[in-house]
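Sequential numbering from 1 along the given sequence is applied to the chain's residues.
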Amino acid sequence: MNEKLTLSELGHLFYARQYAYDILRRFFVEEPSKEYLKQFVQKNMIDFFPFKEDSAGIQEGIEDIKAYLATHDVVHIGHHFDELHWDYTRMFIGPFTLKAPPWESSYVRKDKLLFQGTTMNVRRFYDKYGMAVSDFNIEADDHIGLELDFIFNLNELCIQEIEGIEQNDFKLLKQLLQDQQAFLNDHLLKFTPEFCKSVKKDANTQFFSGLAKLLHYYLFIDSMVLKKLLNIEFIKRGQVECLI
């Protein structure tokens with residue numbers, strides 16, 4: 001017998017996913033800003049990261065980040081912020097040889113070349129939803145931060161769809177979930193295990209090694225969540241609406 005889920009329960013799940021992907025995309029798409037770090041620290045945002053009760057790996061990542069922040073004032077002490085900023089720069093930007101390159105192509109292609117088949121496959125997913133990289137043909141579409149941002153945006157569309165469900169059926173919602181599952185399986189999960197392993201090995205700060213653990217374990221949890229959602233029944237006004 002299929003499990004059943006109310007639209008309210010589904011909405012809470014989508015908001016939890018939005019919270020997780022927002023944190024991950026912000027810290028992997030570019031160097032952390034003082035403004036966001038201040039918000040992140042003062043609101044203890046890491047304590048509310050979802051699914052920590054379901055994953056020892058997520059919990060370990062959270063503890064690593066908290067341990068780093070407990071001994072480093074990244075908001076008020078300049079050299080602490082610079083340390084975190086430099087850790088991102090040296091791992092993902094350069095100028096030295098990158099030991100943890102942030103592009104999918106670097107892990108799934110033998111030649112490691114950007115803007116080839118892998119990048120174009122990712123771009124096709126973006127094009128389907130009218131999304132494009134702001135630095136078109138300068139930053140490769142298969143950058144880890146951009147791929148996380150894509151899932152964030154599709155999940156946001158899911159939230160909008162739930163809020164307007166009285167005027168719609170579940171067809172668009174089903175498609176959004178299917179595309180997220182496909183993107184996770186065909187792209188993010190194909191390279192993030194190795195990417196996260198490289199970050200954990202090369203990071204000079206416990207902050208980024210902790211983020212790598214969060215990313216690694218959260219994506220596997222989320223892939224299971226999506227699989228489950230695609231085989232669930234939704235309850236609407238006392239009637240059972242089947243997603244599949």
Side-chain angles (χ1 to χ4, degrees), residues 2-29 36 43 45-46 48-55 58 104 121-134 141-192 211 214-244:
N2 286 343
E3 294 185 53
K4 297 177 181 179
L5 199 66
T6 66
L7 293 179
S8 177
E9 291 169 334
L10 185 64
H12 288 311
L13 181 57
F14 285 147
Y15 278 113
R17 296 182 72 231
Q18 200 76 340
Y19 190 89
Y21 276 108
D22 192 33
I23 288 176
L24 293 172
R25 69 173 183 147
R26 285 176 181 269
F27 282 119
F28 281 108
V29 78
Y36 183 67
K43 294 184 177 180
M45 291 174 62
I46 194 61
F48 303 100
F49 198 91
F51 301 107
K52 59 184 178 182
E53 299 84 2
D54 304 308
S55 170
I58 289 177
E104 180 184 346
N121 287 337
V122 169
R123 183 174 293 179
R124 278 190 280 272
F125 269 95
Y126 296 175
D127 287 345
K128 180 176 180 178
Y129 289 94
M131 300 176 188
V133 177
S134 57
D141 306 62
D142 59 341
H143 187 286
I144 178 64
L146 297 177
E147 292 197 10
L148 292 169
D149 183 67
F150 178 64
I151 296 289
F152 172 88
N153 281 290
L154 289 198
N155 185 72
E156 189 170 46
L157 292 177
C158 288
I159 293 174
Q160 294 173 9
E161 184 67 8
I162 287 296
E163 292 175 346
I165 206 70
E166 295 298 330
Q167 290 79 38
N168 298 286
D169 57 28
F170 292 115
K171 291 180 181 178
L172 177 56
L173 183 60
K174 174 184 175 181
Q175 188 62 58
L176 287 165
L177 293 173
Q178 287 177 334
D179 285 344
Q180 288 178 77
Q181 185 186 49
F183 192 77
L184 274 175
N185 291 337
D186 296 345
H187 293 286
L188 278 163
L189 290 177
K190 287 287 180 66
F191 80 100
T192 50
L211 276 173
L214 279 190
L215 176 62
H216 177 81
Y217 291 103
Y218 177 72
L219 290 184
F220 278 105
I221 289 280
D222 196 48
S223 67
M224 291 188 287
V225 168
L226 288 172
K227 183 178 180 180
K228 193 171 185 178
L229 285 176
L230 285 166
N231 290 280
I232 208 167
E233 290 180 330
F234 298 147
I235 301 174
K236 176 186 174 186
R237 290 185 174 181
Q239 302 293 320
V240 174
E241 299 272 4
C242 188
L243 184 62
I244 59 174

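Separation of atoms CG (L184) and CD1 (I151) is listed at 4.5 Å; rounding is to 0.5 Å. Distance check, rounded to the nearest 0.5 Å: CG of L172 to CD of E161 gives 4.5 Å. Rounding to the nearest 0.5 angstrom, the gap separating the CG atom in L173 from the CD atom in Q160 is 12.0 Å. In this structure, the separation between CG on L215 and CG on L211 is 8.5 Å, given to the nearest 0.5 Å. Within the model, atoms OH of Y218 and CD1 of I58 stand 8.0 Å from one another, a figure rounded to the nearest 0.5 Å.
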With a 3.5 Å cut-off and sequence neighbours excluded, list the donor-acceptor pairs that the side chains of residues 7-16 form with protein atoms.
residue : atom : partner : partner atom : Å
E9      : OE1  : T6      : N            : 3.0
E9      : OE1  : T6      : OG1          : 3.3
Y15     : OH   : E163    : OE2          : 2.9

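With sequence neighbours excluded, the residues satisfying side-chain contact (heavy atoms from CB on, under 4.5 Å) with Q175 are K128, Y129, Q178, D179. Take D22 and apply the side-chain contact (heavy atoms from CB on, under 4.5 Å) test, not counting sequence neighbours, and it matches R25, R26, F152. Taking H187 as the reference, F125, F183 meet the ring-ring contact (aromatic ring centres under 6.0 Å, His included) condition, with sequence neighbours excluded. Every side-chain hydrogen bond (donor to acceptor under 3.5 Å, both in side chains) that N121 has, sequence neighbours left out, goes to R124. With sequence neighbours excluded, no residue satisfies side-chain hydrogen bond (donor to acceptor under 3.5 Å, both in side chains) with Q181. Under the ring-ring contact (aromatic ring centres under 6.0 Å, His included) criterion, Y19 pairs with no residue, sequence neighbours left out. Every residue two or more places apart in sequence or in another chain was checked for a ring-ring contact (aromatic ring centres under 6.0 Å, His included) with F51, and none qualifies.
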Report the C-alpha separation of M131 and L154 in whole Å, then their side-chain angles, then the decisive distance to 0.1 Å, and conclude whether the side-chain contact (heavy atoms from CB on, under 4.5 Å) test is met. CA-CA 10 Å; M131 300 176 188; L154 289 198; 4.1 Å; yes

With side-chain contact (heavy atoms from CB on, under 4.5 Å) as the test, would you mind laying out the steps for L24 and F49 before giving the verdict? CA-CA 10 Å; L24 293 172; F49 198 91; 4.3 Å; yes

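Across all non-hydrogen atoms, the minimal contact from L189 to S223 is CD1-CB, 3.8 Å. In terms of heavy atoms, D54 sits closest to I221 at O-CD1, 4.1 Å. E147 and D141 get closest at one heavy-atom pair: CG-O, 4.1 Å. The two residues I232 and L229 make their nearest non-hydrogen contact at CG2-O, 3.3 Å. The two atoms that bring L177 and C158 nearest to each other are CD2-SG, 4.2 Å, heavy atoms only.
Between L148 and V29 the shortest side-chain heavy-atom distance does not fall below 4.5 Å. Considering only heavy atoms from C-beta on, T192 stays 4.5 Å or farther from F220 through its side chain. A heavy-atom distance below 4.5 Å is not found between the side chains of F150 and L146. Counting heavy atoms from C-beta on, the side chains of N155 and Y21 never come closer than 4.5 Å. Side-chain contact check for L188 versus I144: some heavy-atom pair is nearer than 4.5 Å. Side-chain contact between D149 and N153 is present, with heavy atoms from C-beta onward closer than 4.5 Å.
Here salt bridge (charged side-chain N to carboxylate O under 4.0 Å, His left out) pairs that include residues 180-191, with residues two or more places apart or in two chains, number zero. Residue pairs meeting the salt bridge (charged side-chain N to carboxylate O under 4.0 Å, His left out) criterion with at least one partner in residues 218-231, sequence neighbours excluded, are E3-K228, R17-D222.
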